[in-house]
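Mind having a look at this structure? Questions to follow.
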Protein chains: 2
Amino acid sequence: MRNACSVTPQSLRERKKLRTRREIRDAAYRLFAEQGFEATRIDRIAAEANVSTSTFFRYFPTKEDLVLSEDTPARPLSVELAARPVDEPVLTAVRHAIHACVVSAEREPGALERARQRMELIASVPSVRDRLPEAMARPGEDLAESLAARIGRPVDSLETRVLVGAVLGAFREALLHWAGVEPEADARALTDRTIDTLARHLSA
Amino acid sequence: MRNACSVTPQSLRERKKLRTRREIRDAAYRLFAEQGFEATRIDRIAAEANVSTSTFFRYFPTKEDLVLSEDTPARPLSVELAARPVDEPVLTAVRHAIHACVVSAEREPGALERARQRMELIASVPSVRDRLPEAMARPGEDLAESLAARIGRPVDSLETRVLVGAVLGAFREALLHWAGVEPEADARALTDRTIDTLARHLSA
DNA sequence: TTGCCAAATGATAGTGACTCCCAGAAGAGC
DNA sequence: GCTCTTCTGGGAGTCACTATCATTTGGCAA
């Protein structure tokens with residue numbers, strides 16, 4: 001509340017909460033790997049993480065949130081997008097923003113491949129995949145503000161919403177495609193193909 | 001099975017099934033209007049429609065399907081789209097196809113406004129709204145085939161999926177926007193604004 | 001009309017995610 | 001040390017949804 005900048009939270013309570021959250025998620029992923037997402041019951045996850053099922057639901061409102069509550073790529077995207085000049089065309093800005101996201105993700109080794117594996121899980125479980133748009137919706141608000149400023153329209157205007165919908169929709173499909181691809185695939189090349197497709201076929 | 005063209009199905013069984021389906025849905029919408037979607041329990045709907053809850057689930061796999069299983073505007077869209085010349089640019093084809101959908105919907109008086117009210121319900125209930133992309137996904141397959149042919153790429157290619165995602169994403173936002181608008185609003189004008197936005201801001 | 005088969009229905013007993021509530025434990029501040 | 005707040009565990013309950021089986025009902029031919 002008062003100091004959100006510190007890397008490690010100060011109070012013992014905060015540290016314990018973070019630890020519990022991590023333990024629950026780790027336990028869940030361990031069980032998912034063994035028996036799959038749907039076959040893993042929540043009380044089993046709670047037991048594996050040494051908490052009660054009540055506590056589980058205090059940390060994760062739904063089972064799907066175990067997977068979806070991690071940072072969605074759409075959030076860093078909107079951050080990078082805000083850093084681009086406002087007079088840049090939308091697609092150019094998006095292209096460079098995504099490239100910047102990839103670069104920043106590559107700084108931590110293995111992070112990109114871990115993100116891809118998570119997308120693989122998301123793509124393979126229907127109930128999770130169906131909630132992907134919802135998960136992208138909140139970071140999508142940042143995207144909306146950024147795009148609204150860029151096209152000079154209110155955030156809630158049809159124009160802004162449509163543009164956000166199109167970008168997120170394209171982005172979502174690109175991510176799902178990324179999930180079904182070999183680990184070595186170049187994320188930058190995929191990005192360029194995505195943007196180029198939009199640019200080529202969605203113009204007057 | 002053998003004669004899918006007849007307007008009224010021949011056998012008594014088929015007619016009864018259709019009638020039961022309609023009765024369940026009517027009962028549901030009646031109760032939704034009284035007490036809202038979430039507050040209406042399925043056994044109550046079944047009782048109101050004079051069937052057992054078992055039978056309810058034989059007709060509608062989920063509660064949300066009561067609302068979502070009706071024809072989505074995206075289906076006629078893909079049909080109209082198939083009627084457009086293949087060498088037409090994507091956005092031009094989509095624009096004319098949607099116009100054609102609106103025109104065909106207007107033939108039956110009140111149909112358009114009823115569709116808008118249904119969107120209002122969809123937009124207002126989170127669990128239903130979240131499943132809208134999923135509901136658009138099946139007609140989206142038709143859209144994918146149509147667009148794939150148009151851009152000369154396989155249906156499962158990144159290019160096709162991205163394009164479908166963008167169009168459906170934009171379309172979805174436009175529909176949700178439509179839900180929050182006065183009944184007199186011109187659907188054609190909304191369509192044009194949507195397409196124009198894509199054309200203006202998503203080009204190289 | 002009769003009788004047989006297939007399909008549709010209803011009743012019942014589950015399952016599992018998720019909620020509510022309350023009593024007790026544990027960290028924070030004095 | 002003593003309060004005050006926050007976090008936790010346990011238990012009872014809700015509700016969408018599934019599985020099974022006996023009964024009914026429409027379809028069809030003898």
Side-chain angles (χ1 to χ4, degrees), chain A residues 1-3 6 8-25 27-28 31-32 35-69 125-131 134-135, chain B residues 1-3 6 8-25 27-28 31-32 35-69 125-131 134-135:
Chain A
M1 195 63 99
R2 54 187 189 208
N3 184 7
S6 61
T8 317
Q10 57 294 21
S11 98
L12 173 56
R13 251 192 202 148
E14 298 288 318
R15 265 178 289 142
K16 266 194 136 176
K17 268 209 288 189
L18 236 50
R19 184 167 145 273
T20 304
R21 192 179 173 83
R22 240 180 47 97
E23 278 176 352
I24 294 175
R25 212 192 311 254
L31 293 173
F32 292 165
Q35 30 181 317
F37 181 89
E38 341 221 35
T40 305
R41 293 191 326 189
I42 287 186
D43 51 7
R44 189 72 190 72
I45 298 176
E48 180 87 8
N50 298 308
V51 294
S52 66
T53 62
S54 317
T55 299
F56 174 93
F57 284 109
R58 286 192 187 97
Y59 282 86
F60 299 94
T62 73
K63 194 177 171 185
E64 285 78 22
D65 282 306
L66 277 169
V67 182
L68 290 172
S69 71
V125 181
S127 69
V128 180
R129 189 183 54 230
D130 291 343
R131 283 196 43 199
E134 182 191 351
Chain B
M1 195 63 101
R2 55 187 189 207
N3 184 6
S6 61
T8 316
Q10 57 293 22
S11 100
L12 172 57
R13 249 189 203 152
E14 297 288 318
R15 264 179 288 141
K16 267 194 135 178
K17 268 209 289 188
L18 237 49
R19 184 167 145 270
T20 304
R21 193 179 172 81
R22 241 180 45 97
E23 279 177 348
I24 293 176
R25 212 193 310 256
L31 293 174
F32 292 165
Q35 30 179 318
F37 181 89
E38 342 221 36
T40 305
R41 293 192 324 190
I42 287 186
D43 52 7
R44 187 75 190 71
I45 299 176
E48 180 87 8
N50 297 308
V51 294
S52 66
T53 63
S54 316
T55 299
F56 174 92
F57 283 110
R58 288 194 185 96
Y59 281 85
F60 299 94
T62 74
K63 195 177 171 185
E64 285 77 22
D65 281 307
L66 277 170
V67 182
L68 290 172
S69 71
V125 180
S127 69
V128 180
R129 189 184 53 231
D130 291 344
R131 283 196 43 200
E134 182 191 350

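No hydrogens, no waters, no symmetry mates; every other heavy atom, side chains included, goes into these values. Numbers restart at 1 for each chain; the letters A, B, ... are given by sequence-line order, proteins then strands.
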Exercise for the section: Would you kindly give the CZ-to-P distance between R19(B) and dT25(D), to the nearest whole Å? Expected result: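 Taking CZ of R19(B) and P of dT25(D), I get 14 Å after rounding.
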Exercise for the section: List the atom of R25(A), the atom of S69(A), and the distance in Å for their closest heavy-atom pair. Expected result: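 Taking R25(A) first and S69(A) second, the nearest heavy atoms are NH1-OG, 3.1 Å.
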Handout entry: Interatomic distance, L12(A) CG vs dG29(C) C1' [rounded to whole Å]
Key =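 One finds 14 Å between C1' of dG29(C) and CG of L12(A), rounded.
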Fill in the blank from the handout: Protein-proximity profile, nucleotides 4-10 of chain D, B/S/- by nucleotide at the 4.0 Å heavy-atom cutoff, equals -BBSBBB
Problem - Spatial distance of atom NZ (K63(A)) from atom CD (E38(A)) [nearest 0.5 Å] - result: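 Nearest 0.5 Å value for the NZ-CD distance: 7.0 Å.
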Handout entry: Heavy-atom check, side chain of F37(A) versus side chain of V67(A), under 4.5 Å
Key =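 SC-SC contact between F37(A) and V67(A) confirmed.
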Exercise for the section: To the nearest Å, give me how far apart CD (E64(A)) and C1' (dA17(C)) are. Expected result: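 Going from CD in E64(A) over to C1' in dA17(C) covers 9 Å.
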Problem - Rounded interatomic separation in angstrom, taking NZ from K63(A) and C1' from dA17(C) - result: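 Those two atoms, NZ and C1', are 8 Å apart.
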Handout entry: Gap separating the CD atom of E134(B) from the CG atom of D130(A), nearest 0.5 angstrom
Key =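 Here the interatomic distance stands at 4.0 Å.
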Exercise for the section: Send over the distance from R41(A) CZ to dC18(C) P, rounded to a whole Å. Expected result: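 Rounding to the nearest Å, CZ of R41(A) and P of dC18(C) are 14 Å apart.
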Problem - Separation of atom CG in D43(B) from atom C1' in dC17(D), rounded to whole Å - result: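 Spelled out: CG on D43(B) to C1' on dC17(D) is 12 Å.
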Extract all donor-acceptor atom pairs below 3.5 Å that involve side chains of residues 51-61 of chain B and protein atoms in other chains or at least two apart in sequence.
from   : atom 1 : to     : atom 2 : distance (Å)
S52(B) : OG     : T55(B) : N      : 3.2
S52(B) : OG     : T55(B) : OG1    : 3.1

Exercise for the section: Give the rounded distance in Å between these two atoms: CZ of F57(A) and P of dT19(C). Expected result: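 About 7 Å, once rounded to whole Å.
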Practice task
Find the distance between CG (L12(A)) and CD (Q10(A)) and round it off to the nearest 0.5 Å.
Solution key: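 L12(A) CG to Q10(A) CD: 11.0 Å, rounded to 0.5 Å.
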Practice task
Provide, to the nearest angstrom, the distance between the CD atom belonging to E38(A) and the P atom belonging to dC17(D).
Solution key: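 Spelled out: CD on E38(A) to P on dC17(D) is 15 Å.
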